[in-house]
There are 2 protein chains.
Amino acid sequence: MGDETEIVRHIVKATTLKDIAEQTGYTVNTVSRALKNKSDISEATRTLIQQKAQELGYIGNTMASSLRSGMTRTIAVIVADVSNPHFSIAVKEIESAARKHDYTTFILNSYEDQDLEEKAIISALSKNVDGIIICPSQGGGQNIAFLQRTGTPFVLLGRRLDNDDVMDYVVSDDEKGGYLAAMHLLELGHRDILFLNAHHSISSSRERLAGYKHAMEEMGVPIRNELIREISTISGGVRNELKEIMESKLPFTAIFAFNDMMAWEAIFTLNKHHIRVPENISVVGFDNIQSRMFIPFPLTSVSNSKGKTSRKAFEILMKRIHKQNTELRYHEVVDTRLVIRESTRALPE
Amino acid sequence: MGDETEIVRHIVKATTLKDIAEQTGYTVNTVSRALKNKSDISEATRTLIQQKAQELGYIGNTMASSLRSGMTRTIAVIVADVSNPHFSIAVKEIESAARKHDYTTFILNSYEDQDLEEKAIISALSKNVDGIIICPSQGGGQNIAFLQRTGTPFVLLGRRLDNDDVMDYVVSDDEKGGYLAAMHLLELGHRDILFLNAHHSISSSRERLAGYKHAMEEMGVPIRNELIREISTISGGVRNELKEIMESKLPFTAIFAFNDMMAWEAIFTLNKHHIRVPENISVVGFDNIQSRMFIPFPLTSVSNSKGKTSRKAFEILMKRIHKQNTELRYHEVVDTRLVIRESTRALPE
DNA sequence: CTGAAAGCGCTTACAG
DNA sequence: CTGAAAGCGCTTACAG
């Protein structure tokens, strides 16, 4: 331990309704009702009590009120890894929307691991959250099925599941995104397009692949499975795979990466091998992180409107929590579009 | 709203201690003690009760237990903006450490705004968090002073305050970092070093400036105030400032930016004006984000060990929560070092 | 080793 | 318009 200084410890007991009641002569009940602006309290009483609360620096004990009312005004967001900008932007947007509705947000990482995801869900449930926004981790939907059995409202964000017609979800139009990315490269003359995809248990991975294949077929380019790779989205996965591919001498002139971080890693790795982007290889990413940060490398990328997607997920969760339209499921597919920058160029004839 | 499907709504009431008590014939008290592995429960009873709990899928109600025990096993992390990788990495590390100690983490953004910071603190307090890790927002320490008066344990992360001898903090050695960055540029022959700094109410801003000045003085280079700029750390701030500087024709050959995001934005802006890094201008950043993400632009940057810093802050918070060493304050200054990449080069003679 | 009672700080439902 | 009582689901402190 570093520098350590002596202090006087502050011991402060939080003000409760009881304190306000004692100091105003009303009962705890009346104080509670006055502070919540209930209609059947006289104006004078309300003012008096609210002033006293202000004076004492009263901060309500949400825990206690939740225990009785059944609502915690708390939600949990469960993502693979907040340190991935794609998720941190979503978390920011959700926290921001939640705050405006007076909800507080738990953040939990699942690291694409089924066990950690289950723990995260249980952790959220034991905190009695009113609802959960979750990007289901790769590897299957057992945890989500469990979550559904508990009856706690939740919304899937960014990925859907096989049986998702009984759940709410907000996803991007990943098939269109995959199509746009591949078509862009095809139109530039590329034929050997390496797809650095994520695990096929992730719906967006499957759908982007469908889009890729669709574009290839439309242009009459045969689909070669050795060009389609499933890679860990964890940092370092692309580097290892790409090294192997280059050693195997598999020819390719363009890369379509599952997300921008993987695209960056691909470019980084290529550069290490003195291969230049876009001079030697064209690269397309997904997520358009560049719209939020001025990354100095101008990456062509599929934009999936994280702000809109996140806010939509929160809105739906609110509806679900407040039991509106309980017979309906909300299935939102947010449009994607291609943002062309300087990481892609035409293949020389 | 998009596609909407009818469903059967699941209504599930959570299992409580009472349910387990009824089904085993013991009282709620005994059930509680058995599940918490208290010593004065017979082995047979413990096993029976734990099996029944497992069978019923019992998930404890933390809220209820907190109300009685006074501990929520919940912490809050308050940062300027989780979508900034510097903070999202810290949040990830803290959440990860917290989970291992069975703590759950609230995330709150202050956006460098005093009012939002106050609301975030109140929100955390009303959730009865056991402790708070906070990166104090720019503009003064009134909110932290308020937080201290409440008696809730907290640790400052990344920034300290004037009166911080009465608080715990973990910061980087910012002065050393500023010194290393400036000295590196000076050794490369640069003299007109533009410092794109953050607001002076941020301690790390003041300390990095002190390091910058120290290096300049050591090399006998006069300090010119027009080269030292205070800029909003919000995305877009650098671009505007830099445009203005270029229009004013103020000459500079190198930039030292308060953080990597600002450095990236500077490079992005320079490139837009057809100025190349490092050919025309050298750039040094701070935070070394590149160690966590394969950003394809190799930025020279000051590394400040976010993993170590975050974990340290959590450890100290734990000590504070558990009232260890209450007479001492923990003041940690984590070492910084320069990581030289390709964004800096010697000034031509 | 187990139980009966009280209480954490609120809100709810009802009485007057 | 205000109050007295009960209760949310646990844990604590004590009794036996």
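Just so we're on the same page: letters track the sequence lines, and every chain starts at 1.
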Legend entry - Gap between atoms CZ and C1', on B/Arg73 and D/dC10 respectively (whole Å): 16 Å
Inset, instruction - Consider the side chain of B/Ser65, meaning its heavy atoms from C-beta on, and name the nucleotide among C/dC1, C/dC10, D/dT11 that approaches it most closely. - result: D/dT11
Inset, instruction - Tell me which nucleotide among C/dT12, D/dT2, D/dC10 gets nearest to the side chain of A/Arg68. - result: C/dT12
Legend entry - Any-strand Watson-Crick or G-U partner of D/dA13, both distances under 3.5 Å: none
Legend entry - Closest-nucleotide 5' rank along DNA chain C - winner of B/Thr27 and A/Lys38: B/Thr27
Legend entry - Distance in angstrom units between A/Met71 CE and C/dT11 P, rounded: 14 Å
Legend entry - Lys/Arg-Asp/Glu bridge criterion (N-O < 4.0 Å) met for B/Glu55, B/Lys52: yes
Legend entry - Phosphate contact (D/dC1 OP1 or OP2) by A/Ser42 side-chain N/O below 4.0 Å: no
Inset, instruction - Run the salt-bridge test on A/Asp40 and A/Arg33 with the 4.0 Å N-O cut-off and return the result as yes or no. - result: yes
Legend entry - Value in whole Å for how far the C1' atom of D/dT2 lies from CD of A/Glu43: 16 Å
Legend entry - Listed nucleotide nearest any side-chain atom of B/Val28, set D/dT11, C/dT2, D/dG9: D/dT11
Inset, instruction - Take the protein atom CZ of A/Arg33 and the nucleotide atom P of D/dG3, then report the distance between them rounded to whole Å. - result: 11 Å
Legend entry - Side-chain donor-acceptor contact under 3.5 Å, A/Ser126 with A/Ser123: no
Inset, instruction - Assess the side chains of A/Tyr26 and A/Thr45: does a donor N or O sit below 3.5 Å from an acceptor N or O? - result: yes
Legend entry - Proximity to the side chain of B/Lys36 - top-ranked nucleotide from D/dG3, C/dC10, D/dT12: D/dT12
Inset, instruction - Assign B/Asp40 to base, sugar-phosphate, or nothing according to its heavy-atom contacts below 4.0 angstrom with the strands shown. - result: base
Inset, instruction - Select one nucleotide: of D/dT2, C/dC10, C/dG9, the one nearest the side-chain heavy atoms of A/Leu67. - result: C/dG9
Legend entry - B/Met63 CE - C/dT11 C1' separation (whole Å): 12 Å
Legend entry - Under 4.0 angstrom between B/Tyr58 side-chain N/O and D/dC10 OP1 or OP2: yes
Legend entry - Donor-acceptor pair, side chain of A/Ser110 and main chain of A/Glu117, under 3.5 angstrom: no
Inset, instruction - Take B/Ser69 and B/Ile41, find for each the nucleotide of DNA chain C with the closest heavy atom, and name the residue whose nucleotide sits nearer the 5' end. - result: B/Ile41
Inset, instruction - Return the value, rounded to whole Å, for the distance between atom NZ of B/Lys127 and atom P of C/dC10. - result: 14 Å
Legend entry - Atom-to-atom span, CD1 of A/Ile20 to P of C/dG9 - whole angstrom: 13 Å
Legend entry - Rounded distance in Å - OH (B/Tyr26) to P (C/dC1): 11 Å
Inset, instruction - Just compare C/dC1, C/dT11, C/dC8 and give me whichever is closest to any side-chain atom of B/Thr45. - result: C/dC1
